[in-house]
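Only one structure is covered here, and it is reproduced in the block below.
Start at 1 and go down the list; that is how both ligands and their atoms are numbered.
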Amino acid sequence: MGYRILETDDIPGYLHERGHWPDVTDIHVREVSDGNMNRVFLASSTDGTRSVAVKQALPWVRVAGPSWPMSPDRADAEARAYDQIARVAPDKIPSVHGYDPENYALVMEDMSDLEVLRTLLNEGAAYGPDTSARIGELVARLSFATSDFGMDSASRKALIAASVSPELCKITEDVVLSEPYIEHEHNHWHQDLTDLASEFRADTRLRTEVADLRHLFMTSAQALLHGDLHTGSIMVGEREGTPVVRVFDPEFSFVGPIGFDLGLYWANALVSEERARALGRLTDHADQLRLSWEAFEREFRALWPTRVDTFFDDAYLDRFLRRVWTESLGYAGTEIIRRIIGFAHLTDLTTLPDPVPASRRALLLGRELIVRRAELTGPQEVRVAVEQG
Ligand SMILES: Nc1ncnc2c1ncn2[C@@H]1O[C@H](COP(=O)(O)OP(=O)(O)OP(=O)(O)O)[C@@H](O)[C@H]1O
Ligand SMILES: [Mg+2]
């Protein structure tokens, strides 16, 4: 029948046809799209015992409409990432009930009982002891399993080929890893940050370091990434007294440098910390980079004895993890900067009564993380850089 764009009223019939919903007389559907890119619908039965979420990629950017075309293949990338994560960390993503490649539509677990982490943090909530550790574990499991340590060489080459995602990678290469450092129509910032934005554009050392991270992003096929692991791609809550952490929206997934996933998470945690500092309500913000790194490292080391290629010895593991650490810091820096003087900004800062002091601190920290990433050898050194800001 071909690709059809689903509207709210089409969802009952669609779910029935696809075998996800037996009784179309008992279904309530609402659209909850709040991102830029895709449509999301929630469907539930009257008594609430049955519910699912439907996410469809349109052939354009949702908020822009047909004037900004974008391949719906991003839904394939999302389905592929969920498929890989489900093998190693099924409790950390929504369960996927089915993917329909003809309509670029994913039917998955309804997580509306959970809350987006960014929303909670912006409201003043603490992370709690679990969230960052679960994120570190997820990155370790996904990246180990899809690296040359967890997968035989031929299967890896097939995964790399299948996961090539030129359009979405190009967005990151431009929006995150170059535009903020040049004059570009996408860039915008608070008028009181003009001096720093100009200073960053004129900073040739910074630019060369960003070029290094950008080239690494383009060429380093270490493992399958989530690709957009910010606090708006994480839901948290509690089910039957147990903390739940779910990562979603992996449409930017491709095989790239592991540090990109950790770095995005760290950047968002550090910006959230600056928001809390500005409002005088710091909680456990300072622990999050360390907790996620320690969990990542612990899990990666625990998996190491299962590696498929033992030519990679224990000394190599130490070297590899050190590199991932350093690269993660660099990517964290680029994510902080682009979220303040680049295209898409963060509500963490934009909703502050005065976003300027927190934004300045964050921008300067971002630059430190990029240019001094080789000297910042552990979470404690990063803490010093944050506190000195
Ligand atoms: N499985 C789900 N259950 C409940 N709500 C969901 C689910 N998936 C998505 N949502 C809601 O829809 C919103 C948008 O989802 P998502 O981030 O996946 O879409 P997107 O268009 O890719 O967003 P972005 O433009 O940020 O990339 C989420 O913030 C969340 O509120
Ligand atoms: Mg998305």
Side-chain angles (χ1 to χ4, degrees), residues 5-6 8 11 15 20 28-45 48 50-65 68 70-82 85-86 90-100 104-123 165 167-172 175-176 186 225-237 239 244-254 260-261 264-265 267-268 335 338-339 342-348 350:
I5 291 175
L6 300 169
T8 305
I11 298 295
L15 286 173
H20 295 295
H28 305 271
V29 181
R30 62 195 166 99
E31 187 178 347
V32 293
S33 321
D34 70 357
N36 296 321
M37 303 271 276
N38 308 292
R39 279 200 180 148
V40 181
F41 302 92
L42 296 181
S44 57
S45 62
R50 177 185 289 275
S51 65
V52 296
V54 183
K55 177 170 177 177
Q56 184 178 40
L58 308 177
W60 51 75
V61 174
R62 184 183 69 88
V63 291
W68 186 345
M70 180 162 304
S71 166
D73 291 349
R74 59 191 188 272
D76 295 341
E78 181 155 355
R80 200 163 37 235
Y82 277 142
I85 303 171
D91 56 330
K92 295 185 179 67
I93 48 169
S95 45
V96 172
H97 304 311
Y99 177 58
D100 167 9
Y104 303 95
L106 194 67
V107 179
M108 65 182 142
E109 174 185 337
D110 171 15
M111 302 189 292
S112 51
D113 58 320
L114 307 178
E115 294 252 32
V116 174
L117 179 58
R118 187 186 309 287
T119 309
L120 289 176
L121 293 172
N122 279 354
E123 289 166 356
S165 181
E167 216 176 356
L168 274 76
C169 281
K170 183 78 167 75
I171 294 177
T172 303
V175 170
V176 184
H186 281 166
L225 309 185
H226 175 283
D228 195 19
L229 190 51
H230 57 78
T231 48
S233 299
I234 299 168
M235 290 206 196
V236 297
R239 284 179 182 166
V244 178
V245 179
R246 292 269 200 279
V247 166
F248 67 105
D249 195 16
E251 64 185 329
F252 279 80
S253 181
F254 77 110
F260 190 74
D261 272 356
L264 251 62
Y265 183 68
N268 282 266
E335 170 73 359
R338 75 100 169 187
R339 292 295 199 173
F343 193 18
H345 295 189
L346 295 176
T347 52
D348 310 42
T350 57

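Within the 4.5 Å cutoff, no side-chain heavy atoms of Asn122 are placed close to those of Thr119. With a 4.5 Å cut-off on side-chain heavy atoms, Asp76 and Tyr99 count as touching. Counting heavy atoms from C-beta on, the side chains of Met70 and Ile171 come closer than 4.5 Å.
In summary, an N, O or S atom of Glu251 is located under 2.8 Å from the Mg ion (ligand 2). Not one N, O or S atom of Glu78 sits under 2.8 Å from the Mg ion (ligand 2).
Thr8 pairs in a side-chain contact (heavy atoms from CB on, under 4.5 Å) with only one of the listed residues (Glu31, Arg39, Arg30), which is Glu31. Here the options are Leu120, Val116, Asn268, Leu346, the test is side-chain contact (heavy atoms from CB on, under 4.5 Å), and the partner is Thr231; only Asn268 passes.
In this structure, atom 15 (O) of ligand 1 lies nearest to the protein heavy atom Val40 CG2, 3.6 Å. Scanning the protein for heavy atoms near atom 27 (O) of ligand 1, the closest one is Asp249 OD2, 2.9 Å. Regarding atom 11 (C) of ligand 1, its nearest protein heavy-atom neighbour is Val32 CG2, 4.0 Å. At the shortest separation from atom 23 (O) of ligand 1 among protein heavy atoms lies Gly35 CA, 3.3 Å. Looking only at heavy atoms of the protein, atom 13 (C) of ligand 1 is closest to Asp34 OD1, 2.9 Å.
Residues Asp110 and Ser44 bring no donor and acceptor atom of their side chains to less than 3.5 Å of each other.
The aromatic rings of His20 and His97 sit tilted, their planes meeting at an angle between 30° and 60°.
The atoms of ligand 1 that sit less than 4.0 Å from any heavy atom of Ser112 are 4 (C). Of all the atoms in ligand 1, the ones that sit under 4.0 Å from a non-hydrogen atom of Glu251 are 22 (O), 27 (O). The Lys55 neighbourhood of ligand 1 comprises atoms 16 (P), 18 (O), 19 (O), 20 (P), 22 (O), with distances under 4.0 Å to a heavy atom of that residue. Within the listing of ligand 1, atoms 24 (P), 25 (O) sit less than 4.0 angstrom from a heavy atom of Asn36. Residue Asp110 has at least one heavy-atom neighbour below 4.0 Å for each of these atoms of ligand 1: 3 (N), 4 (C). Atoms of ligand 1 lying under 4.0 Å from at least one heavy atom of Met37, given by number and element, are 21 (O), 25 (O), 27 (O). Listed by atom number, the atoms of ligand 1 under 4.0 Å from Met108 heavy atoms are 1 (N), 8 (N). In the vicinity of Glu109, heavy-atom distances shorter than 4.0 Å reach the ligand 1 atoms 1 (N), 2 (C), 3 (N).
For Arg239 against Met111, the heavy-atom pair with the smallest separation is NH2-CA, 4.0 Å. Smallest separation of non-hydrogen atoms from Leu114 and Gly237: CD2-CA, 3.8 Å. Taking all atoms of both residues into account, the shortest heavy-atom contact from Gly227 to Phe252 is O-CB, 3.5 Å. When all heavy atoms are compared, the tightest approach of Gly35 to Val63 is O-CG1, 3.9 Å.
By the criterion of a heavy-atom distance under 4.0 Å, the side chain of Ala53, and not its backbone, is placed next to ligand 1.
Here's the thing with Asn38: one of its N/O atoms is less than 3.5 angstrom from an N/O atom of ligand 1. The N/O atoms of Asp228, backbone and side chain alike, include none that comes under 3.5 Å of an N/O atom in ligand 1.
Atom OD2 is the N/O/S atom of Asp249 found closest to the Mg ion (ligand 2).
Nearest to atom 6 (C) of ligand 1 by heavy atom, out of Met111, Arg39, Met235, is Met235.
The backbone N or O of Ile93 lies less than 3.5 Å from a partner atom in the side chain of Arg246, making a donor-acceptor pair.
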